[in-house]
Amino acid sequence: MEIVQLKKGEYLARKNNPVKEWYIIQEGTIVQKNDFVENELGVNSIIGILEQDFFICDYIAATDCSLILFVCQGVNDLKHFLEKEAKMRTLFLQTSMNQKYQQFRIYDRLYRSAGKFSAFVEKSYEEYQTTAINNRFENPNSPDLSSFQPLNVTHALQKWEMDACASLMKNCLGEYMKIYTSHDSLTVGAIMETSAQMHRAMQGITELIEFFGVNRDYLISERNRDIFHGLLALYMYLKKDKKDTAKIEKTLIDVLKFAKALNIYNPKLIEALTKEFNDAKKFEPKEVVEDTEEGPSSDCEIILNYAGFTGEKKAEYLERFAEYSKCYTKIQKNKDANALRKQINNDFYEIYKKCFLRAVNDRNIPATIEMYLNFGYVDGAFLEEEKINGLFSITTHMDLVSSEHVFTIFNWLKAVYRGDREPSRNEFDLDFRQYLIEEYKQGNIKKEDIDKIVAKPEERACFEIDNMFKTCNRLTYGNISSFSAVLNDTDLFNEPSNMLITRNKLYNAVNQVRGVDFSAFYRPVYTNNMPDLLKNESLMKEVLPDIILMPNAGCKGMMWQETASIKNDTPARYMLPIFATCDLEDEIIELTARFRWEMCRKIQGARWNDIREHSLTSDYYDYLQFYKKNHDLSNDAKDQIKSSLVKAKNSFREVFVRDYYNWIKYESKGGFRLNKFVRNIVFKYCPFAKETRSKLEDSPMFSDAIHKFNVNNKKQLKRLQAIYDRYSKEGGVVTPELKENLDFYSL
């Protein structure tokens with residue numbers, strides 16, 4: 001066991017970090033945070049007990065804290081710990097029961113709130129509609145619940161489960177503790193059962209949080225198409241006509257009270273809307289002179305106006321988009337329609353550049369522009385009204401899409417513009433500076449201008465649009481010959497919210513891979529500031545990929561580059577459509593396979609296929625290059641390899657991608673799809689995680705490889721621990737980077 005000290009405000013663990021240890025709080029308080037749901041954990045609480053492979057929540061010190069750390073990655077670790085620390089048996093079981101009771105109560109509160117929320121929204125909306133119809137009120141920004149997502153919790157807790165837990169805690173916890181602490185196996189079984197129930201409860205809580213995240217803006221929001229603003233507009237209309245407003249006024253008060261009581265909204269938003277309502281109450285009707293000036297006739301015109309197009313150029317664009325709206329469904333059969341599609345695609349990106357360069361510094365971007373920049377929406381002529389409303393709804397909760405490593409194309413371009421991310425390499429594998437050097441060599445720019453251009457935000461963003469965005473938008477669509485940059489009904493064939501790739505869907509898919517192939521995103525990193533004892537060591541560091549969502553409804557992912565720069569410790573770049581028509585988990589597996597291959601090639605350099613330098617790529621190269629001469633392979637196996645090479649168009653990487661897919665989906669579960677040579681190669685460089693290894697260690701297909709791997713890992717762990725201990729005795733501090741390197745060998 002090890003003691004960990006935390007200062008107030010420090011993170012103990014972040015959501016989606018791998019679970020390597022459990023922690024027992026000795027002093028202080030830790031906040032368990034999952035979006036807007038927070039739960040305080042006090043002394044003796046166990047952190048990690050409700051997680052599995054990855055943390056579901058953030059854990060932040062609410063005060064200065066002292067915690068006991070112990071390695072626990074499964075039932076065997078817990079069993080060994082309790083065997084050594086018998087006095088902790090009662091504490092662990094009682095604490096796990098208390099924490100389960102806490103989680104069940106949080107779930108119950110959220111579930112009840114979700115039901116009340118759905119009923120309240122429906123009731124308020126019906127009142128708005130009835131009053132608006134009775135008073136002939138026409139509102140162009142009328143609220144619309146057509147895309148409201150019903151409450152559907154996959155990981156639901158049953159009422160009897162919650163009742164049984166509450167009854168146990170209140171009436172017979174003593175008897176329960178006496179029975180289940182009488183034997184190690186009973187104690188461990190009870191703790192693991194409680195852990196699984198807590199994990200399911202937290203999964204349910206996460207789904208409820210997502211329900212509120214998707215739907216909360218229908219009631220109140222910063223936009224003007226929610227129920228509150230609909231009621232407020234109706235209230236003002238009635239007030240101007242000097243009609244009775246008492247009922248609507250009471251409903252508005254009820255909406256604000258209900259929203260505040262839910263505790264799911266930012267208090268500043270409720271404060272701002274309350275002020276807006278109070279200002280409306282002070283309004284006195286006056287004679288109003290009607291504004292006869294005509295506004296934009298279409299969303300396409302709004303976008304062109306925002307981009308700054310006027311006169312003939314604007315009219316030219318409008319005419320082409322109008323013509324395209326009549327024939328976009330015929331592009332496969334009609335040559336003229338196909339030629340127009342290509343022209344429209346060029347127009348799309350020229351308009352996009354101008355919109356982006358204005359929007360990147362705009363604090364109040366119109367919803368239509370956001371829909372264009374994030375989703376490729378251009379006009380209602382290409383999409384049904386319900387789908388447009390669905391897109392609008394998504395723009396009000398973009399936090400469900402974006403995160404530290406997940407970007408919409410608009411957010412990604414902003415990151416490049418502001419220098420938070422480097423521009424991507426182009427189709428010819430040149431980064432921005434290398435591209436400019438080539439331009440200089442061809443006489444297109446002066447040498448002294450290179451640094452100036454690199455430093456200009458708009459130049460970086462335009463390079464990204466012209467090179468990465470244009471190419472990846474087409475490739476992730478999945479059908480290059482019929483690609484249309486304009487989002488339309490043909491491609492977006494389902495509800496936008498159902499097809500949308502959210503950050504939770506992405507993290508779940510990525511974590512599915514990490515849960516099997518624990519070292520997928522680890523890579524060796526060398527640093528200059530290493531202590532003398534470790535100066536010849538490389539550190540294993542996990543770097544999750546950046547995932548950029550292209551504004552289309554597509555079916556294909558792209559692994560665009562394995563690192564962001566020449567440095568190995570920068571994120572890879574995965575490209576996916578923002579609206580998916582494919583299996584997201586399968587796509588992530590294939591992208592990770594390509595990442596593994598390209599990362600190995602990058603690390604190995606020119607020797608990536610040199611069989612004297614053993615690596616994933618060189619061993620695979622040797623295996624596929626000389627499989628016909630391999631006497632240990634049966635004729636059937638050779639025929640299968642030949643067939644795989646034909647399907648992969650003789651690409652060794654693509655053969656590996658298919659083998660890796662089978663490795664993650666089937667081999668990890670004991671479903672054998674690979675021959676023994678491939679199995680040994682893949683296990684050597686993409687070993688299974690600890691839990692999967694323990695399940696397969698008795699299998700004759702894996703027993704030798706797993707035994708050898710475990711022995712080598714223990715040797716490496718023992719060697720490093722000795723170096724770290726010596727380093728600590730000499731006054732050195734084991735940094736998080738050093739600890740992560742050590743932890744890698746116990747995964």
Side-chain angles (χ1 to χ4, degrees), residues 15-16 31-39 50 56-58 102-125 143-157 162 199-231 254-274 367 389-403 406 495-508:
K15 188 175 182 179
N16 291 306
V31 172
Q32 178 191 60
K33 191 174 188 305
N34 192 348
D35 286 336
F36 55 79
V37 175
E38 295 185 2
N39 181 34
L50 69 80
I56 300 178
C57 311
D58 291 326
Q102 279 184 324
Q103 295 301 319
F104 277 23
R105 290 179 66 187
I106 292 170
Y107 174 91
D108 187 45
R109 175 176 62 80
L110 277 177
Y111 189 82
R112 289 172 185 271
S113 294
K116 290 177 183 176
F117 175 79
S118 295
F120 186 85
V121 166
E122 186 177 347
K123 178 185 173 185
S124 304
Y125 181 63
D144 180 9
L145 300 190
S146 59
S147 297
F148 188 92
Q149 296 297 300
L151 180 60
N152 181 24
V153 184
T154 306
H155 300 92
L157 293 178
M162 293 183 281
H199 184 75
R200 182 159 58 86
M202 184 52 75
Q203 286 178 304
I205 289 168
T206 302
E207 289 182 78
L208 288 166
I209 289 170
E210 189 162 323
F211 164 82
F212 281 117
V214 169
N215 292 319
R216 63 184 171 187
D217 290 317
Y218 284 103
L219 185 61
I220 68 169
S221 72
E222 294 177 353
R223 309 284 179 180
N224 61 356
R225 295 196 68 172
D226 54 275
I227 289 173
F228 171 83
H229 283 102
L231 289 165
D254 289 344
V255 166
L256 291 171
K257 281 184 178 177
F258 183 77
K260 187 175 182 180
L262 277 175
N263 286 321
I264 64 172
Y265 295 102
N266 188 326
K268 289 183 179 179
L269 172 61
I270 295 176
E271 187 181 324
L273 297 186
T274 302
N389 292 336
L391 294 180
F392 175 83
S393 174
I394 294 169
T395 63
T396 64
H397 50 261
M398 291 302 291
D399 55 315
L400 292 178
V401 180
S402 301
S403 71
V406 181
E495 283 292 324
S497 56
N498 294 336
M499 296 176 69
L500 179 71
I501 293 184
T502 64
R503 63 181 184 185
N504 281 344
K505 288 179 183 177
L506 277 172
Y507 281 135
N508 288 340

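Being a predicted model, the structure only gives us computed values, none of them experimental.
Atom CG in L256 sits 6.5 Å away from atom CD1 in I220 (nearest 0.5 Å). In this structure, S113 OG and I264 CD1 are separated by 8.5 Å, a value rounded to the nearest 0.5 Å. Rounding to the nearest 0.5 angstrom, the gap separating the CD atom in E207 from the CD atom in E210 is 8.0 Å. A distance of 7.0 Å separates CG of N504 from OG1 of T206, quoted to the nearest 0.5 Å. Note that CD1 of I227 and CG of D217 are 11.5 Å apart. Values are rounded to the nearest 0.5 Å. Rounded to the nearest 0.5 Å, atoms CD (Q103) and CD1 (I106) are 4.5 Å apart.
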Report all side-chain donor-acceptor pairs from residues 115-125 shorter than 3.5 Å, counting only partners two or more places apart or in another chain.
residue: S118; atom: OG; partner: A114; partner atom: O; Å: 3.2
residue: S124; atom: OG; partner: F120; partner atom: O; Å: 2.9
residue: Y125; atom: OH; partner: Q129; partner atom: NE2; Å: 3.1

For residues 265-273, tabulate all N or O donor-acceptor pairs below 3.5 Å that involve a side-chain atom, not counting sequence neighbours.
residue: Y265; atom: OH; partner: R216; partner atom: O; Å: 2.6
residue: N266; atom: OD1; partner: K268; partner atom: N; Å: 2.9

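For D35, the salt bridge (Lys or Arg N to Asp or Glu O under 4.0 Å) partners are R503, not counting sequence neighbours. Residues that satisfy the side chain to side chain donor-acceptor pair (under 3.5 Å) test with N498, not counting sequence neighbours, are absent from this structure. For D58, the side chain to side chain donor-acceptor pair (under 3.5 Å) test picks out no residue, with sequence neighbours left out. N508 pairs by the side chain to side chain donor-acceptor pair (under 3.5 Å) definition with nothing, not counting sequence neighbours.
Between the side chain of N39 and the backbone N or O of Q32 there is no donor-acceptor pair closer than 3.5 Å. Formation of a donor-acceptor pair under 3.5 Å by the E495 side chain with backbone atoms of G390 is not found in this model. A donor-acceptor pair is defined here as one N or O able to donate and one able to accept, closer than 3.5 Å; no such pair exists between the side chain of N34 and the backbone of V37.
Shown here for Y107 and M162, the closest heavy-atom pair between the two residues is CD2-SD, 4.0 Å. Across every non-hydrogen atom of N263 and F36, the tightest pair is O-CD1, 4.0 Å. Scanning both residues, P496 and L391, for their nearest heavy atoms gives CB-CD2, 4.0 Å. A pairwise comparison of heavy atoms in Y111 and V153 identifies CE1-CG2, 4.1 Å as the closest pair. Minimum interatomic distance between L219 and F258 (heavy atoms only, all atoms of both residues): CD2-CD2, 4.0 Å. Heavy-atom minimum distance, S497 versus Q149: OG-NE2, 2.9 Å.
Looking at T154, I205, L157 one by one, the single match for side chain to side chain contact (heavy atoms under 4.5 Å, CB included) with R200 turns out to be L157.
More than 12 heavy atoms of other residues, nucleotides or ligands shown are found within 6.0 angstrom of NZ on K505.
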